[in-house]
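These numbers come from a predicted model, not from an experiment.
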Amino acid sequence: MAHIQINLGNPEKALLYNEKETDPFWNPYRKCMALYALGKTKEANELLTQFVAEYGEIAWPNIAHVYAFRGEKDEAFKWLDLALENKDSSLLDILNFPEMKNLWGDPRWNKLIDKLGLPEDHGFHRD
C-alpha cells in the first residue's frame, strides 16, 4: 500500500502505511522513497545509505528502483547492471514499475533491455 500511495502522490499516506510494516527490508525500502517525495532529502539520503550498506549485496534491483524514483539515472543503471550481472530474477518485475519510466530516453535503457536476451515480443518499453 505504501508503494501505491507514493505513486498516487500521497507520500504522507505512504508513511502511515509504512509504519505498519515491520519487515526490516521492506520498511526502509519504501520509507526512503516516501521521505524523498516529501522533500525530506537529508533523511531520505541517510536512510538510503543505510539500506545500501545493509542490503547492497542482495537488493540490486530494489536499490535501482529507489534511484530511478529519485531520477538519479547513473546510480539506477549502476544497480540495474549489478542485478543483471547477478541474474536477479526480481529485475524483470522491477523493470515494469512506473518509476522506471524515469529511465526511458536514456540510451542505457535499450542496452539493458537488449542484454536481457528476451524474445522480441518481451513487452518491455523500448525507446
Side-chain angles (χ1 to χ4, degrees):
M1 288 303 295
H3 188 201
I4 291 169
Q5 290 302 322
I6 290 168
N7 282 312
L8 289 173
N10 301 319
E12 299 90 358
K13 285 184 181 179
L15 284 176
L16 292 174
Y17 279 109
N18 205 64
E19 285 177 14
K20 298 173 187 174
E21 178 59 68
T22 59
D23 187 275
F25 177 86
W26 296 110
N27 182 291
Y29 171 45
R30 300 286 186 225
K31 187 175 183 179
C32 65
M33 289 191 286
L35 290 170
Y36 189 83
L38 283 168
K40 296 182 177 187
T41 309
K42 183 179 180 207
E43 193 176 345
N45 289 346
E46 290 170 0
L47 188 57
L48 179 55
T49 298
Q50 291 172 358
F51 186 77
V52 169
E54 189 160 343
Y55 297 104
E57 295 295 320
I58 60 167
W60 312 286
N62 305 87
I63 295 167
H65 175 223
V66 174
Y67 281 115
F69 171 77
R70 294 165 59 119
E72 297 179 27
K73 293 180 180 184
D74 290 340
E75 285 296 313
F77 281 109
K78 171 185 143 183
W79 291 96
L80 288 171
D81 286 339
L82 284 168
L84 185 60
E85 286 172 27
N86 288 283
K87 298 177 175 40
D88 188 317
S89 61
S90 65
L91 174 63
L92 296 176
D93 289 331
I94 285 179
L95 288 176
N96 285 312
F97 286 6
E99 295 83 2
M100 291 298 145
K101 290 179 182 178
N102 292 337
L103 305 179
W104 295 0
D106 188 297
R108 294 172 288 186
W109 178 261
N110 282 353
K111 288 178 186 175
L112 176 73
I113 299 302
D114 291 342
K115 286 180 193 176
L116 293 172
L118 299 172
E120 287 295 317
D121 62 348
H122 53 68
F124 288 111
H125 171 81
R126 291 190 46 81
D127 294 323

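Taken to the nearest 0.5 Å, the OH atom of Y29 stands 4.0 Å off from the CG atom of N62. Here the straight-line distance linking atom OH of Y67 with atom CG of L80 works out to 12.5 Å at 0.5 Å rounding. Atom-to-atom distance recorded for K31:NZ and Q50:CD is 9.5 Å, nearest 0.5 angstrom. Rounding to the nearest 0.5 angstrom, the gap separating the CD1 atom in I58 from the CD1 atom in I63 is 8.5 Å.
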(request) List the steps and the verdict of salt bridge (charged side-chain N to carboxylate O under 4.0 Å, His left out) for D74 and R108. (result) CA-CA 10 Å; D74 290 340; R108 294 172 288 186; 2.8 Å; yes
(message) Using the rule given for side chain to side chain contact (heavy atoms under 4.5 Å, CB included), can you reason through K13 versus L8, listing the C-alpha separation, both sets of side-chain angles and the distance that settles it, and then say yes or no?
(response) CA-CA 10 Å; K13 285 184 181 179; L8 289 173; over 6 Å; no
(request) Decide yes or no on side chain to side chain contact (heavy atoms under 4.5 Å, CB included) for I113 and L95, but give the supporting numbers first. (result) CA-CA 9 Å; I113 299 302; L95 288 176; 4.2 Å; yes
(message) Run the side chain to side chain contact (heavy atoms under 4.5 Å, CB included) test on H122 and L116 for me, step by step, so that the C-alpha distance in whole Å, both residues' side-chain angles and the decisive distance to 0.1 Å come before the verdict.
(response) CA-CA 10 Å; H122 53 68; L116 293 172; over 6 Å; no
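Relative ring orientation between W109 and F77 is described as perpendicular, the plane-to-plane angle rising above 60° on a 0-90° scale split at 30° and 60°. Relative ring orientation between H125 and W104 is described as parallel, the plane-to-plane angle staying below 30° on a 0-90° scale split at 30° and 60°.
Hydrophobic clustering places L48 together with L103 (ILVMFWY residues linked when any side-chain heavy atoms are closer than 4.5 Å, directly or through intermediates). Hydrophobic clustering keeps F69 apart from L47 (ILVMFWY residues linked when any side-chain heavy atoms are closer than 4.5 Å, directly or through intermediates). I94 and W79 fall within a single hydrophobic cluster, where Ile, Leu, Val, Met, Phe, Trp and Tyr side chains are chained together by heavy-atom contacts under 4.5 Å. Cluster membership check: L16 does not share its hydrophobic cluster with M1, using side-chain heavy-atom separations under 4.5 Å among Ile, Leu, Val, Met, Phe, Trp and Tyr. A single hydrophobic cluster is not seen to contain both I4 and M100; linkage of ILVMFWY side chains at heavy-atom distances under 4.5 Å, directly or through other members, places them apart.
Qualifying side-chain contact (heavy atoms from CB on, under 4.5 Å) partners for K78, counting only residues two or more places apart in sequence or in other chains: E75.
Between the D23 side chain and the F25 main chain, a donor and an acceptor come within less than 3.5 Å of each other. Between the N102 side chain and the A68 main chain, a donor and an acceptor come within less than 3.5 Å of each other. With hydrogens and angles ignored, the 3.5 Å screen pairs no side-chain donor or acceptor of N18 with any backbone N or O of A2.
In this structure, D106 does not pair ionically with K111, as no charged nitrogen and carboxylate oxygen lie closer than 4.0 Å.
Contact annotation: the side chain of P61 never approaches that of F97 to less than 4.5 Å [non-hydrogen atoms, C-beta and beyond]. A heavy-atom distance below 4.5 Å is found between the side chains of F124 and N96.
The two residues A83 and L91 make their nearest non-hydrogen contact at CB-CD1, 4.2 Å. Here the shortest heavy-atom pairing between D127 and N110 reads N-OD1, 3.0 Å.
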Identify every side-chain donor-acceptor pair in residues 33-44 under 3.5 Å, counting partners at least two apart or on other chains, and give the distances.
none

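Counted within 6.0 Å of OH on Y17, heavy atoms from surrounding residues, nucleotides or ligands total 12 or fewer; the atom is thus considered open.
For the residue pair N7 / E99, a side-chain donor-acceptor distance below 3.5 Å is found, with atom types taken as modelled.
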